[in-house]
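We number each residue from 1, following the sequence as shown.
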Amino acid sequence: MNLHQFKFVQEAVRRNLNLTEAAKALHTSQPGVSKAIIELEEELGVEIFARHGKRLKRVTEPGQHVLASIELIMREVGNLRRIGEQFSAQDSGTLSIATTHTQARYVLPVPVAKLREAYPKVNVSLHQGSPDQVARMVIDEIAEIGIATESLADYAELVTMPCYEWQHVLVLPKGHPLAEKERISLEDLANEPIITYHPSFTGRTRIDHAFAQKKLTPRIALEAIDSDVIKTYVRLGLGVGIVAEMAVRDDSNADLVVRPMGHIFGVNIARVAFKRSAYLRNFVFKFAELLSDRLDRNLIAKALSGHNQDYEL
């Protein structure tokens with residue numbers, strides 16, 4: 001057996017058992033992928049996949065155990081490569097970060113700049129997506145570190161750690177009637193057209209949950225993944241906006257009235273995620289420390305070597 005066979009099995013599963021798509025992803029031929037998988041099954045003496053004709057239909061029970069071992073082997077192969085990179089180039093390489101738009105736009109610029117100052121030979125590659133996509137990019141080793149508020153703690157393959165807390169704020173055009181209220185209630189918001197995040201982004205689940213608890217139905221006028229887009233439509237008068245507080249910290253929001261909404265929607269926790277048992281290079285630890293004073297190398301190393309995927313501080 002060899003690593004190519006393991007890669008073919010992994011990719012077949014990632015591509016929903018579509019061998020044509022797996023072959024495209026691996027830049028090889030579909031018959032070559034099929035043959036390699038069959039040869040591995042013959043050597044192991046078990047069927048990894050149940051078939052209907054030549055098509056793969058599902059992963060068998062012994063195949064599930066084989067997949068678990070392949071995941072472990074390929075993870076350690078990746079770690080071996082990173083160990084080699086670490087000791088051949090202590091202060092250079094590429095840091096791949098998976099994150100959401102809000103984190104990339106409002107949170108990461110300062111720590112990225114400080115990392116580049118500390119490690120001038122390190123390049124940074126930002127991959128943006130939904131929280132679930134962020135998790136998958138870390139699991140699939142497209143990124144070494146993931147940062148998001150939603151979803152990260154839901155994956156057993158990841159170790160996640162709290163990074164910082166934040167709350168939602170209400171943004172209003174100047175002159176809006178709610179701008180004069182000292183304390184805005186959920187009932188007040190239920191009467192307004194609301195512009196806020198798409199359901200899978202930036203703590204939106206807390207917003208929905210707050211309305212559901214009060215048996216209120218919010219009037220969602222527009223959903224977006226970009227805080228700047230939300231603020232633009234608020235300025236145009238389409239409704240009141242609910243955004244993350246870090247999206248209103250600069251001077252470009254002087255034309256908007258901002259009201260904290262933590263008393264209604266609670267506190268959100270942004271988290272960092274690493275693939276379990278991953279080998280991290282020095283500058284990955286450094287970047288995590290720059291993200292939050294809650295994180296340090298020893299704490300992260302301890303979490304990566306442990307058995308719980310979700311660490312609290």
Side-chain angles (χ1 to χ4, degrees), residues 3 7 10 71-129 131 133-149 151-153 155-165 246 269-313:
L3 293 179
K7 284 182 181 178
Q10 275 190 321
E71 288 286 344
L72 182 62
I73 291 166
M74 297 309 291
R75 184 188 309 157
E76 291 305 317
V77 168
N79 284 341
L80 284 172
R81 291 196 182 101
R82 281 186 283 275
I83 290 169
E85 292 169 357
Q86 173 80 20
F87 286 95
S88 63
Q90 290 280 351
D91 60 353
S92 64
T94 298
L95 171 61
S96 294
I97 305 166
T99 192
T100 61
H101 173 271
T102 300
Q103 304 293 335
R105 167 71 173 82
Y106 299 107
V107 177
L108 297 191
V110 171
V112 166
K114 289 183 177 178
L115 179 76
R116 290 276 297 143
E117 185 179 344
Y119 291 89
K121 295 180 182 178
V122 171
N123 298 321
V124 177
S125 178
L126 280 179
H127 304 271
Q128 294 183 50
Q133 289 171 332
V134 168
R136 287 276 19 135
M137 283 188 277
V138 177
I139 292 168
D140 293 341
E141 298 186 3
I142 296 168
E144 291 171 277
I145 183 170
I147 307 153
T149 296
S151 301
L152 293 187
Y155 292 84
E157 301 98 323
L158 300 178
V159 170
T160 77
M161 307 177 73
C163 187
Y164 67 91
E165 297 175 350
M246 48 276 201
I269 301 175
R271 310 188 75 85
V272 294
F274 308 95
K275 189 170 182 179
R276 183 176 301 286
S277 301
Y279 180 85
L280 303 183
R281 290 169 289 178
N282 285 335
F283 53 77
V284 183
F285 284 111
K286 178 64 175 178
F287 180 71
E289 292 172 342
L290 290 169
L291 280 174
S292 172
D293 56 11
R294 294 181 172 189
L295 302 172
D296 64 53
R297 184 185 185 114
N298 291 335
L299 187 66
I300 296 168
K302 181 181 177 182
L304 288 172
S305 63
H307 300 289
N308 296 326
Q309 77 261 25
D310 191 17
Y311 275 73
E312 300 294 342
L313 297 182

> Stepwise, does the side-chain contact (heavy atoms from CB on, under 4.5 Å) test hold for Leu3 with Ile73?
Replying inline: CA-CA 9 Å; Leu3 293 179; Ile73 291 166; 4.3 Å; yes

Check: [Y] and [X] side chains under 4.5 Å, non-hydrogen atoms:
{"X": "Thr149", "Y": "Ile269", "result": "no"}
{"X": "Arg271", "Y": "Met161", "result": "no"}
{"X": "Ile145", "Y": "Leu291", "result": "yes"}
{"X": "Lys286", "Y": "Lys114", "result": "no"}
{"X": "Pro131", "Y": "Leu152", "result": "no"}
{"X": "Tyr155", "Y": "Lys275", "result": "no"}
{"X": "Ile97", "Y": "Phe287", "result": "yes"}
{"X": "Leu95", "Y": "Leu115", "result": "yes"}

To the nearest 0.5 angstrom, please state how far the [atom1] atom of [X] sits from the [atom2] atom of [Y].
{"X": "Met246", "Y": "Tyr164", "atom1": "CE", "atom2": "OH", "result": "3.5 Å"}
{"X": "Ile139", "Y": "Glu71", "atom1": "CD1", "atom2": "CD", "result": "9.0 Å"}
{"X": "Phe285", "Y": "Arg297", "atom1": "CZ", "atom2": "CZ", "result": "4.5 Å"}
{"X": "Ile300", "Y": "Phe274", "atom1": "CD1", "atom2": "CZ", "result": "4.5 Å"}

>> Looking at Thr99 and Ile147, would you say the former's side chain and the latter's main chain have a donor-acceptor pair under 3.5 Å?
In response: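 Present.
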
> Looking only at atom types and distance, does a side-chain atom of Ser96 sit under 3.5 Å from a main-chain N or O of Ala143, one as donor and one as acceptor?
Replying inline: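 Judged by distance alone, no pair lies under 3.5 Å.
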
>> Using the salt bridge (Lys or Arg N to Asp or Glu O under 4.0 Å) criterion, which residues pair with Glu165? Sequence neighbours excluded.
In response: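 Expected list: Arg294.
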
> Between Gln133 and Gln128, is a side-chain contact (heavy atoms from CB on, under 4.5 Å) present by the stated rule, with each step listed?
Replying inline: CA-CA 8 Å; Gln133 289 171 332; Gln128 294 183 50; over 6 Å; no

> Are the charged groups of Glu141 and Arg75 less than 4.0 angstrom apart, N to O?
Replying inline: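 Salt bridge between Glu141 and Arg75, a charged N being under 4.0 Å from a carboxylate O: no.
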
Which heavy atom in [X] sits nearest to a heavy atom in [Y], and how many Å separate them?
{"X": "Ser125", "Y": "Thr94", "value": "CB-CG2, 4.0 Å"}
{"X": "Pro109", "Y": "Ala104", "value": "CD-O, 3.5 Å"}
{"X": "Ala98", "Y": "Val134", "value": "O-CG1, 3.4 Å"}
{"X": "Thr100", "Y": "Ala148", "value": "CG2-CB, 4.0 Å"}
{"X": "Arg116", "Y": "Val124", "value": "CD-CG2, 4.4 Å"}

>> If the condition is side-chain contact (heavy atoms from CB on, under 4.5 Å), which residues does Ile142 pass it with, not counting sequence neighbours?
In response: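 Only His127, Met137, Asp140 meet the side-chain contact (heavy atoms from CB on, under 4.5 Å) criterion with Ile142.
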
>> Go through it in stages, so that I can follow the logic: the residues are Val272 and Thr160, the test is side-chain contact (heavy atoms from CB on, under 4.5 Å), and I'd like the CA-CA distance, side-chain angles, deciding distance and then a yes or no.
In response: CA-CA 6 Å; Val272 294; Thr160 77; over 6 Å; no

>> The test is side-chain contact (heavy atoms from CB on, under 4.5 Å); show your working for Leu158 and Val138 and say whether it passes.
In response: CA-CA 8 Å; Leu158 300 178; Val138 177; 3.6 Å; yes

